[in-house]
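Source: prediction; values computed, not measured. Chain A is the first sequence line, chain B the second, and so forth, proteins listed ahead of strands; every chain is numbered from 1.
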There are 2 protein chains.
Amino acid sequence: MHGKDVSSEFIRISEITRLLGEHARDLSQPYKTLIGDDAAVINFQDLKLNLFASDMMVENIHFRTSYFKAADIGYKLMATNVSDMAAMGGFPCYATISLGCPRNFDMQGFYQGVKRACEEYEFHIAGGDLSSSELTVVSVAMVGSTHGKPIMRSTAHIGDYIFVTGPLGGSSAGLELLLQDPEATGPLVEKHKNPKARLQEAKAISQVEATSMIDVSDGLLADLNHICENSHLGAHLEKIPVADGALISNALYGGEDYELIFSHPDPVQVASIFASADLAEPVLIGRFNDGGTITVEGKEVEIRGFVHRF
Amino acid sequence: MHGKDVSSEFIRISEITRLLGEHARDLSQPYKTLIGDDAAVINFQDLKLNLFASDMMVENIHFRTSYFKAADIGYKLMATNVSDMAAMGGFPCYATISLGCPRNFDMQGFYQGVKRACEEYEFHIAGGDLSSSELTVVSVAMVGSTHGKPIMRSTAHIGDYIFVTGPLGGSSAGLELLLQDPEATGPLVEKHKNPKARLQEAKAISQVEATSMIDVSDGLLADLNHICENSHLGAHLEKIPVADGALISNALYGGEDYELIFSHPDPVQVASIFASADLAEPVLIGRFNDGGTITVEGKEVEIRGFVHRF
């Protein structure tokens with residue numbers, strides 16, 4: 001387990017730091033580090049970091065290298081964690097990345113995907129860990145801030161309207177295409193490979209003081225059910241927006257769309273805030289009630305979605 | 001990739017939360033969550049979180065299940081990250097854990113090891129991620145605070161004395177024993193399986209305003225070399241403290257002891273602070289100079305230690 005020199009790993013880290021450019025730069029004056037000490041020093045006197053989340057992606061479970069390039073893995077890993085910040089009514093500030101990978105892994109491509117996410121979502125890499133591993137496994141931790149009060153899963157009320165920020169099912173339909181043909185392309189495949197975290201929408205939703213929020217990572221019904229369980233409510237849904245080319249089953253049960261589900265008592269106020277932020281109006285899909293179930297067009301549905309089995 | 005129910009993973013998460021007990025409790029009033037929302041809400045008005053680090057441990061690279069129990073993995077993963085907080089002159093506050101593991105992994109044992117570290121080092125679990133994986137891979141991210149100014153690798157001065165908080169080489173000697181016999185026991189094996197993060201020492205070192213610090217994760221020479229490179233200095237060493245039963249080569253090149261290496265211009269002041277904190281006096285092992293090399297008893301040494309090869 002003990003090697004004969006310390007150069008390889010540290011050369012890699014310095015290459016990564018160079019590749020990330022300003023996204024790994026020193027923002028922590030007067031302490032001159034982000035990357036390269038035991039821990040990153042991230043305190044700003046004027047910035048309160050109050051969100052903290054982590055995610056892991058494992059080869060053959062979350063992705064196959066037959067259809068995922070390293071750059072896609074890097075981008076998607078970051079986007080899913082940014083989506084966790086969005087789902088709290090917040091935005092990302094810093095991330096650490098732990099990467100375990102075999103020798104032939106395209107590390108440069110991976111960090112280019114990471115960098116693209118840094119640019120798009122405006123956060124910085126504060127450090128991480130690099131390890132050899134037989135299977136590729138990537139893990140990210142992120143700290144962020146909220147625009148206002150954090151928006152929880154546990155605070156929805158009876159009668160609140162339920163909204164979703166965009167059509168659903170695209171990512172799982174894209175995955176089905178990739179499993180049939182690893183070379184498949186098109187908008188559904190793009191939705192699976194390069195999901196977008198809804199940061200602008202999260203800001204508008206925070207401004208309108210939504211009563212609850214979650215992002216669609218496990219599937220509409222599975223994720224909505226988290227709000228129901230945590231808020232002790234039921235829900236009835238109508239008119240689910242389905243992504244072009246996807247099926248209603250994709251929209252109900254498919255995961256990884258990263259659209260935001262949120263609730264609010266006043267649809268007019270929601271529409272107005274989204275319009276003034278120049279964002280597409282969210283789709284009103286239903287309403288919370290005091291039942292213990294979720295119904296779609298009047299019929300009770302089975303709650304299922306993506307699950308890791310143990 | 002999409003399962004038929006969402007129960008298994010969430011039952012596991014609720015079991016984990018119950019097992020962690022007060023170490024996963026809600027400390028974030030007025031927001032009622034730590035575990036179980038998209039991100040943990042960790043803001044305290046009176047607590048400035050300014051350290052952020054992450055670490056990953058991969059099966060067959062960092063450990064083998066032939067000699068590491070799940071509880072050892074859980075404990076060691078946390079202790080190594082706590083050591084990163086210590087090495088900045090700080091202490092841990094919250095961690096997220098991402099665990100990828102096969103179906104037969106002893107998850108309960110793992111989180112019992114985590115809990116033991118939470119109790120010993122006084123921090124809380126703020127969330128994480130759970131995934132199936134062919135190989136066991138664990139990743140932790142931690143946020144913490146410093147007692148005073150963060151202690152960096154880049155701020156040592158010429159003439160500063162170099163100290164280490166305890167004897168070295170025990171962990172790598174213990175690993176050698178385990179590789180020969182997975183059933184091996186004894187203090188060296190314990191040092192490898194259950195390393196101690198030096199939090200009390202870190203506090204004393206922070207009070208005495210050390211000029212630089214790092215923890216021994218890759219080996220004395222490799223880690224001291226990080227300070228030398230970052231501070232643009234050389235060092236000469238004498239009188240390395242070797243753990244009972246270990247060799248001088250273990251002490252120089254062996255990793256994972258998690259003792260602290262730090263520097264200070266005044267040995268008397270260092271001894272006095274450690275004495276008043278009722279801690280064993282750190283060992284003075286050498287002094288920084290303006291050379292570009294590290295010498296041990298006058299001879300220049302090769303810088304090597306544990307390295308992941310890519």
Visitor: Determine whether the aromatic ring centres of Phe63(B) and His192(B) lie less than 6.0 Å apart.
Guide: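 For Phe63(B) and His192(B), the ring centres are not under 6.0 Å apart.
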Visitor: I want to check something: taking the side chain as every heavy atom from C-beta on, are Ser66(A) and Leu178(A) in contact at a cut-off of under 4.5 Å?
Guide: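 Counting from C-beta outward, Ser66(A) and Leu178(A) never come under 4.5 Å.
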Visitor: Please classify the contact between Met85(A) and chain B as side chain, backbone, both or neither, with a heavy-atom cut-off of under 4.5 Å.
Guide: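 When you check distances to chain B, only side chain atoms of Met85(A) fall under 4.5 Å.
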Visitor: In terms of heavy-atom pairs under 4.5 Å with chain A, which of Leu135(B), Asn81(B), Asn104(B) leads?
Guide: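 Most heavy-atom pairs under 4.5 Å with chain A: Leu135(B).
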Visitor: Among the options Gly100(B), Ala53(B), Ser98(B), Ala141(B), pick out the one with the most heavy-atom pairs lying under 4.5 Å from chain A.
Guide: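 With the most close heavy-atom pairs to chain A, the winner is Ser98(B).
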Visitor: Report the distance from atom CD1 of Ile214(A) to atom CG of Leu224(A), rounding to the nearest 0.5 Å.
Guide: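 The CD1 atom of Ile214(A) sits 8.5 Å away from the CG atom of Leu224(A).
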Visitor: Looking at NZ of Lys76(B) and CE of Met57(B), how far apart are the two atoms once the value is rounded to the nearest 0.5 Å?
Guide: 6.0 Å
